[in-house]
Amino acid sequence: MHPEDKEIIELKKAIPNEKVLQVLERYKKEYGFADYYGALDSMAYKLGISWGNELIADNTTNKDAGYIPFVNYSAENALYEPPGKRDLISGPYKKLADSKRFATKEIIYRLMRIENIEKLVFSEPHFPK
C-alpha cells in the first residue's frame, strides 16, 4: 500500500464527514481507481494542483539529505494561487514515505479550502477562468 493511501485512510477515520474525502471516495469509484493515491493525484490535477517529493543532496557530505515535499500550482488552479512550485516544509524528511504522507495530508488540507469542490471535480470546465 502506498504511504499516501495510508494517510488518506487515517484521515477518513479521523474526519469521516469531510467533504473532500467524500468527493475523493466518489471520484475513486466513478473513475475506477484501485487506490486513493491515484484518485487524489488525478482529482488534484483536474483542479490545477500537483505535488511531489524532491530529493535533496547534502553538499557537505555528497550524500542524500532527504526529501522535501512540494506543491505545484498551474496557471489556472481552483485555489487561485499564483502559478509555480512551493516547498511545503523548510527541512527535509529523511524517509521518502514520511515526505509522501506529509504531502498527501497537506494537499487534502488545501483542497478543503475549495467550497464547491464537488461541482468543480465532476463538471466541465473544472473551475472558472
Side-chain angles (χ1 to χ4, degrees):
M1 179 181 293
H2 295 284
E4 297 91 343
D5 282 311
K6 289 179 183 178
E7 192 62 42
I8 292 167
I9 290 167
E10 287 179 17
L11 284 171
K12 286 180 58 133
K13 289 177 186 174
I15 47 176
N17 295 322
E18 173 52 49
K19 184 69 169 177
V20 169
L21 297 172
Q22 293 171 351
V23 170
L24 178 61
E25 184 71 37
R26 178 180 163 201
Y27 190 87
K28 178 180 175 271
K29 288 178 183 174
E30 285 192 20
Y31 290 95
F33 285 93
D35 55 41
Y36 289 108
Y37 168 68
L40 180 62
D41 184 53
S42 176
M43 189 174 90
Y45 185 79
K46 286 178 94 170
L47 298 168
I49 302 165
S50 61
W51 74 95
N53 300 276
E54 182 177 2
L55 179 61
I56 304 298
D58 183 337
N59 294 331
T60 59
T61 63
N62 290 329
K63 294 184 179 182
D64 297 338
Y67 301 87
I68 299 279
F70 65 87
V71 63
N72 192 20
Y73 296 105
S74 67
E76 296 178 3
N77 65 79
L79 289 169
Y80 303 101
E81 292 284 345
K85 178 184 165 198
R86 292 177 197 60
D87 292 342
L88 296 174
I89 60 172
S90 58
Y93 281 99
K94 294 289 183 193
K95 296 180 183 177
L96 178 58
D98 293 340
S99 183
K100 287 181 173 184
R101 288 182 70 139
F102 179 85
T104 300
K105 187 185 296 185
E106 187 63 29
I107 293 303
I108 289 172
Y109 288 156
R110 288 170 191 241
L111 294 179
M112 288 178 183
R113 298 188 332 224
I114 304 171
E115 289 183 27
N116 57 343
I117 190 164
E118 188 168 23
K119 181 180 177 186
L120 295 177
V121 168
F122 294 108
S123 65
E124 297 289 335
H126 303 299
F127 49 89
K129 294 181 179 181

Under 3.5 Å: donor-acceptor pair, side chain of [X], backbone of [Y]:
X: Asn77; Y: Tyr80; value: yes
X: Ser74; Y: Gly48; value: yes
X: Lys46; Y: Val121; value: yes

[atom1] of [X] to [atom2] of [Y]: how many Å apart, nearest 0.5 Å?
X: Ile8; Y: Ile108; atom1: CD1; atom2: CD1; value: 4.5 Å
X: Ile114; Y: Lys119; atom1: CD1; atom2: NZ; value: 14.0 Å
X: Lys28; Y: Asp35; atom1: NZ; atom2: CG; value: 7.5 Å
X: Ile107; Y: Glu7; atom1: CD1; atom2: CD; value: 12.5 Å

Can a cation-pi geometry be assigned to Arg86 and Tyr73, taking NZ or CZ under 6.0 Å from the six-membered ring centre and within 45° of the ring axis? no
Check Gly91 against Ile68 and note the closest heavy-atom contact, atom names and distance.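 Result for this residue pair: C-CD1, 3.4 Å.
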Is a salt bridge present between Arg26 and Glu118, judged by a nitrogen-to-oxygen distance below 4.0 Å?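 Yes, charged N to carboxylate O under 4.0 Å.
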Begin with the C-alpha distance, continue with both residues' side-chain angles, and end with the deciding distance and a verdict on side chain to side chain contact (heavy atoms under 4.5 Å, CB included) for Asn72 and Ile49. CA-CA 6 Å; Asn72 192 20; Ile49 302 165; over 6 Å; no
Kindly indicate whether the side chain of [X], heavy atoms from C-beta on, has any atom under 4.5 Å from the side chain of [Y].
X: Asp98; Y: Tyr67; value: no
X: Val71; Y: Asp87; value: no
X: Phe122; Y: Val23; value: yes

Could you state whether Tyr109 and Leu111 fall into the same hydrophobic cluster, counting links through intermediate Ile, Leu, Val, Met, Phe, Trp or Tyr residues with side-chain heavy atoms under 4.5 angstrom apart?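 Same hydrophobic cluster.
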All salt bridge (Lys or Arg N to Asp or Glu O under 4.0 Å) counterparts of Lys85, not counting sequence neighbours: Glu54
Knowing that exactly one of Tyr93, Phe70, Trp51 qualifies, which makes a ring-ring contact (aromatic ring centres under 6.0 Å, His included) with Phe102?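 Looking at Tyr93, Phe70, Trp51, the match for Phe102 under the ring-ring contact (aromatic ring centres under 6.0 Å, His included) is Tyr93.
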Under the side chain to side chain contact (heavy atoms under 4.5 Å, CB included) rule, what do Arg110 and Leu88 come out as? Steps first, then yes or no, please. CA-CA 11 Å; Arg110 288 170 191 241; Leu88 296 174; 3.2 Å; yes
Which atom pairs, one a donor and one an acceptor, fall under 3.5 Å between side chains of residues 9-16 and the rest of the protein, sequence neighbours left out?
residue	atom	partner	partner atom	Å
Glu10	OE1	Arg101	NH2	3.0
Glu10	OE2	Arg101	NH2	2.7
Lys12	NZ	Glu25	OE1	2.3
Lys12	NZ	Tyr36	OH	3.2

With side chain to side chain contact (heavy atoms under 4.5 Å, CB included) as the criterion, how do Asp64 and Ile56 come out once you've worked through the C-alpha distance, each side chain's angles and the decisive distance to 0.1 Å? CA-CA 6 Å; Asp64 297 338; Ile56 304 298; over 6 Å; no
Describe, in one word, how the ring planes of Tyr37 and His2 are oriented to each other, choosing from parallel (under 30°), tilted (30 to 60°) and perpendicular (over 60°). tilted
Side chain to side chain contact (heavy atoms under 4.5 Å, CB included) evaluation trace for Leu79 with Leu47: CA-CA 8 Å; Leu79 289 169; Leu47 298 168; over 6 Å; no
Strictly by modelled atom types, are Tyr31 and Ser42 linked by a side-chain donor-acceptor pair under 3.5 Å? no
